[in-house]
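Below is one structure, written out as structure tokens; the observations come after it.
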Amino acid sequence: MSDICKEYLMNTYKRIPVVMVRGEGIRLWDDKGNEYMDFVSGLGVNSLGHSHPKVTKAIWRQAATLIHVSNLYYIEQQCKLAKELCDNSFADKVFFCNSGAEAVEGAIKLARKHAKVKGHKNKYEIITAYNSFHGRTYGAITATAQSKYQESFKPLVPGFKYVPFNDIDAISSAISEETCAVMLEPVQGEGGVYPADEEYLKQVRKLCDEREILLIFDEVQCGLGRTGRLFAHQRYGVTPDICTVAKALGNGFPIGAVLATDDAAVFEPGDHASTFGGNPLACEVALAVLEVMLESAVENAYKMGEYFKDALIGLKRKYSVIKEVRGMGLMLGVEFSRDLGELVVDLRKNGLLVNCINNRILRFLPPLIVTKEDIDRAIAMLDESIEKLFNDGSKRR
Ligand SMILES: *Cc1c(COP(=O)(O)O)cnc(C)c1O
């Protein structure tokens, strides 16, 4: 299997030598019959767990009825989904696409057009934060202020400026006459699970209002229940003008969206489009996902998030190799003072899948339907592996 893959696939991923063949709830099985607890959720995607019955049913039903029609027609499921998203957020209008990067591109275009519509011909600059991640298309890698994603692909898109995250003075002095928007992740995901400070986001909102700049939140990862509220910014009590979502919206079926206020939603026919974006199948699936999220999964994510974080803090008290536990809801990061390659492999061999960032940060994104028993098991596995691999007097006594 890995031979064919290596021969025919572009070399874009350093892949783990495992082939998953089935999933159910928080569990995955590989082709050798090994069982895993999935605490990564396909990188924040399978938030309702694998093969959720309501999602599967929505796919079956809609696939047998109508998969795709073009956006030249009204699409009932798309309108319903837009209403559902607006009824449960700050937004008045929605645009649908197929991925996170596309949602970010849509947000960038919307912010630039908004400035033009308001009569500011030379307002086009967008400020983003160091260590951010916004996707892999050109606008999105330019917005992503990490050189490792940019270096080989220059020249980038003009009109972006970067500031340190959680530094209000930096953002205040970076804003110029040319600035049309600030874009931030309320909780930075790929960068290593760094939540924004509440006071910072409140101050950024105030600055944006004073300087007539749009505030964009990229909630592709931290949105849709991940932090224990439907949107991460709801936990902060700070409302953006534009918000991007994707990852968890289809529980694995590709769909993304740009949410905006009436004031910000300035697109007109011809400005922006997507062939697949918002087709009946994708939207029917997302409607099922939102229903389950609003019924129970988001609330469970809040409760289990508190429980999981406390348990991780318990491990930190026990092991001095753990430097910090951070995050919100079920988006949690544990930073170690040692390289984690061996730990991640050991956990996987014992049946726990976790993600690792920069070799030092464990990122946990379990499905929102995770239970206390699942978390207890994961903590016991972590405890055992840390004890085994780092047991050289690094225990706090
Ligand atoms: C994953 C991610 C993206 C990119 O999403 P894709 O679907 O991979 O294009 C954008 N922004 C954030 C915050 C993400 O975590």
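Values below: every heavy atom of this structure, side chains too, minus hydrogens, waters and symmetry copies. Start at 1 and go down the list; that is how both ligands and their atoms are numbered.
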Taking only non-hydrogen atoms of Lys247 and a 4.0 Å limit, the atoms of ligand 1 in range are 1 (C), 2 (C), 3 (C), 14 (C), 15 (O)
Is the shortest side-chain heavy-atom distance between His272 and Val258 below 4.5 Å?
no
So, do Phe231 and Phe217 have ring centers that fall under 6.0 Å from each other?
no
Within the 4.5 Å heavy-atom criterion, are Arg226 and Ser47 side-chain neighbours or not?
yes
Look up atom 8 (O) of ligand 1 and tell me if a protein heavy atom lies less than 4.0 Å from it?
no
Atom indices of ligand 1, in the order listed, that fall short of 4.0 Å to a heavy atom of Glu185
13 (C)
Counting non-hydrogen protein atoms only, what is the nearest one to atom 6 (P) of ligand 1? Give residue, atom name and distance.
Gly100 N, 3.4 Å
Please report whether the ring centroid of Tyr307 lies less than 6.0 Å from that of Tyr302.
no
Where do Asp263 and His114 come nearest, in terms of heavy atoms and distance?
OD2-NE2, 3.1 Å
Under 4.0 Å from one or more heavy atoms of Ser99, ligand 1 contributes atoms 7 (O), 9 (O)
What atoms of ligand 1 come closer than 4.0 angstrom to any heavy atom of Gly135?
4 (C), 10 (C)
Can you confirm whether or not the ring centre of Phe165 sits under 6.0 Å from the ring centre of Tyr130?
no
Counting from 1 in the order shown, the ligand 1 atoms closer than 4.0 Å to a non-hydrogen atom of Gln221 are 15 (O)
Got Val204 and Ile168 here, is their nearest side-chain heavy-atom distance under 4.5 Å?
yes
Give yes if a backbone or side-chain nitrogen or oxygen of Ala101 is under 3.5 Å from a nitrogen or oxygen of ligand 1, and no if not.
yes
I'd like to check which ligand 1 atoms, numbered from 1 as shown, lie under 4.0 Å from a non-hydrogen atom of Asp218.
10 (C), 11 (N), 12 (C), 13 (C)
